[in-house]
Amino acid sequence: MAAVQGSRHPAAAIEAKWRRRWAERPEGGGDRLPRPGRPKHYALTMFPYPSGDLHIGHWYAMVPADAHARYRRMCGDDVIFPMGFDAFGLPAENAAIRHGIHPLRWTRENIARMRGQLRSMGASFDWSREVVTCEPAYYRWNQWLFLRLFERGLAYKRFAPVDFCPTCNTTLAREQVVGPERVCERCETPVTRRDLDQWFFRITAYADELLDFGGLDWPERVVTMQRNWIGRSEGVQFAFGVRGRPDATFEVFTTRVDTIYGATFCVLAPEHPLVASITAPERRADVEAYQAQAARRSEIERLSTERERTGVDTGAEAVHPLTGEPIPIWIGDYVLASYGTGAIMAVPAHDERDFDFARRHGLPIRTVIAAEGEAAVPGAAHTGPGRMVASGRYTGMRNEDGARRLAEDLEAAGIGRRRTNYRLRDWLVSRQRYWGTPIPIVYCARCGMVPVPDADLPVLLPEDAQFLPTGESPLRHHEGFRRTACPRCGGPAERETDTMDTFVDSSWYQYRYLSPRDDRAPFDPAAAAAWLPVDVYTGGVEHATMHLLYTRFFTKAMRDIGLTNLSEPMPRLRNQGVILGENSEKMSKSRGNVVNPDDLVDRYGADVVRVYLMFIGPWEAGGPWNPQGIEGPVRFLARCWRLAADPYPPPAQGAPDGGELRRRIHRAVRDVTADLERFAFNTAVASLMTLSGDLAAHRDAGGDRAAFREGMLVLALLLAPLAPHLAEECWALQGGEGSVHDQPWPTFDPALAAEESVTVVLQVDGRLRDRRAAAPTASEDELRVLALESPKVQAAVAGRPVARVVVVPGRLVNVVTGA
RNA sequence: GCCGGGGUGGCGGAAUGGCAGACGCGUCCGACUCAAAAUCGGAUGGGGCGACUCGUGCGGGUUCGAAUCCCGCCCCCGGCACCA
């Protein structure tokens, strides 16, 4: 392709040509092991849901991940960079209900379309390892893993109140309920409560281990979010007796035993099992009315942002375990049945919620911690540290010491025990929907709950289900699916009709990529041992407390089952930000600010879109789309192409030799390498823009041709991860051999990259007064003399005594005057 | 409320103790052109004719020297939010 003076590069033709050539190269085979003698590198980017169209957000996530993988490959690593589809989930089923198209067909058509769009990105995905989670070859192993968890008691069924989305018509995991209004994360409908038999994974068994982030190179905020989500808290659990009821006791949990002498009442959750039996006859009507109201409140939307701490007196009294004093027992919905013991001791003087409740209901407030060094705030609880007062033999102790002593003493006396509670709940995995993995369990009238034998897997999802939004799984109404024979006794039995949460699919997909067609095991242990763990995992922060917690749990559980010896699946994690619309709002069809990558590729070519997305700013920051800004990368790549394609001008009189250009080439290699290592794609692009400018200037001045060609080849190499098509074209135009992507990453000579001469800044009292050129190796003494000789420095010193001269070799001299 | 991240030209951003604003967008001026596009060159934080001076959310501090470190505050974004 001949260059036309001053023109833009023919992106479409160049990209089509190279993509054709690349397609002729053999693919990896999908399950090969790392080549001996080379470090392996497993690059993984979160796989997409096949929603139908590739969004600019997918490009923003995947292009830099691809650039990094390509860079590692040129560095000599044996890289795998697989891609697949997270293909089960609600949108497919909703499309089926709305448009009468089968979820399988809808999903497969979307995948076919998205595969093409993904190819247009020019990413180095290894398609031979592709995984599609809605195919039986994949979900069969969800079922297999479910059974292994079931055998270990890590999957269990329990009748429990669960969050239910009336719009999606299914139960939700706790993590899928968001905000104080408790709405469905998908459709923002307020969730309701249902009491159902549900399947759970016992993630809480790993709560403490999940809190260990040692050795993880993860963004701080993700670690913090997981830590808060797990919500470990240490305290003491002990029992209160009920006055006049020697048979009845209830346990409370507190993190503040030091305030135990300040407990002036107790509060039980409205659902607490003891409430019915201890309520005084004259209080029964009020208590039952309150219970009914509380039950309704958790079912109906809770829109009131101002939380009133309501409650009613049961008329019963608890016996304080240390003082023997009777204190009233109330019920109130600010005490959660699902946390701790569902009951608390209330210490209004030192807990804001209890304080508020006591004020509202006229209950006594007793101070037992004296605020030290800070004024007591009138009309508020003192929650900070202090000396214990009115606390029996603990009076006078610092509250931290008192807490320790009280915990020991309560334990010794057999009254209470130290205990750790977690905010984390077990993972609710059953969904009353069709488009998911069937749970491989059979119910037999004679044998009870029976797991489907491994040999009978997969339990296939029948294709001829009815899609009606009934709130029950469509499988429940599918007689052919539901009726089966008991695997144990052969008698008539029924299948479980719930399907699994789609987060199960993505909890172990990184294993499946290693041997995607293995039909004897979920993955090949030899491949797993060779390739895992994932070296770099990239994706959005929105998965911080769901997917990333679940996949850590899965790896730990799989380790304990004996399937792997890993404890952490993804030791290194990087998050990209979010690309916003031109108006800085979230992109959405309803806002009309969606940027379509296909249109951009048609107009500018994939390389330009890639480079622009990386140049926009720090990857983790994201930011608004600026349609004008893309002109920068357009011009930059066009210039690279013209430099490679235009004929070289004849040598000029007094033209530069290659020295300065070579220095700049080495500096570019140094900077781009460091930037790609640290995922700083924006500054890597900036360095390449600078190099292309240096090459253009050298050429226009008729400089040394050998140095220019050397620089052009380096430019093509450095550009290869970022703009793979154009880099290939430039490499070929400059006579590079083979594919640019098969070349080793260029190295630099630090001595050559160093400046020949540096500008040393001369300051007087920290203010800039002059600049001088000096050798980078100039000694402190030389620089000091240089500064003191400067007329501008002398003028600024103005005859005052020089107190000190600070010299930073290679950088600056600061002359400090005065006494 | 608690936790985390952030605030730098007209805009995206660079610089993590040493020349603030790399690189780019935009704008202005010039070259090429019949003209335009494309391309190339120059200018571009504010003030001042100038020597200079002010300037990284605000106020203080440490330091020869602070966008960068420390203290206090304001604002923006994200997460969690009755978890005892």
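So you know, we letter chains A, B, ... as the sequences are listed, proteins then strands, and number each from 1.
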[X] vs [N]: side-chain N/O to OP1/OP2 distance below 4.0 Å:
X: R811(A); N: G17(B); value: no
X: S233(A); N: A84(B); value: yes
X: R804(A); N: C64(B); value: yes
X: N421(A); N: A84(B); value: no
X: R227(A); N: G79(B); value: no
X: Y339(A); N: A84(B); value: yes
X: R767(A); N: C54(B); value: yes

Taking the same atom, P, in G5(B) and in G12(B), what whole-Å distance lies between them?
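To the nearest whole Å, 22 Å.
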Identify the nucleotide, in any strand shown, that forms a Watson-Crick or G-U wobble pair with [N], with both distances under 3.5 Å; if there is none, say none.
N: C49(B); value: none
N: C32(B); value: none
N: G4(B); value: C77(B)
N: G24(B); value: C11(B)
N: G65(B); value: none

Can you tell me how far [atom2] of [N] sits from [atom1] of [X], to the nearest Å?
X: L762(A); N: G18(B); atom1: CG; atom2: C1'; answer: 13 Å
X: I344(A); N: C82(B); atom1: CD1; atom2: P; answer: 14 Å
X: N583(A); N: C11(B); atom1: CG; atom2: P; answer: 17 Å

Can you see whether W330(A) has R360(A) sitting over its ring - NZ or CZ less than 6.0 Å from the centre and within 45° of the normal?
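Checked: cation-pi criterion not met.
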Taking the six-membered ring for Trp and the full ring for Phe, Tyr or His, determine whether the centres of F265(A) and F357(A) are under 6.0 Å apart.
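Aromatic pair counts; centres sit under 6.0 Å.
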Nearest to the [X] side chain among [options], which nucleotide is it?
X: V808(A); options: G18(B), C3(B), A84(B); value: G18(B)
X: N682(A); options: G4(B), A14(B), C25(B); value: A14(B)
X: T254(A); options: C19(B), G26(B), A84(B); value: A84(B)

Can a side-chain donor-acceptor contact be found between Y612(A) and N626(A) if the only test is distance below 3.5 angstrom?
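Side chains of N626(A) and Y612(A): no pair found under 3.5 Å.
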Determine the minimum heavy-atom distance between T259(A) and H350(A), stating which atoms define it.
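Taking every non-hydrogen atom into account, CG2-CB, 3.9 Å.
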Do the rings of F240(A) and F250(A) sit parallel, tilted or perpendicular, given the 30° and 60° boundaries?
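Judged by the thresholds at 30° and 60°, the geometry between F240(A) and F250(A) is parallel.
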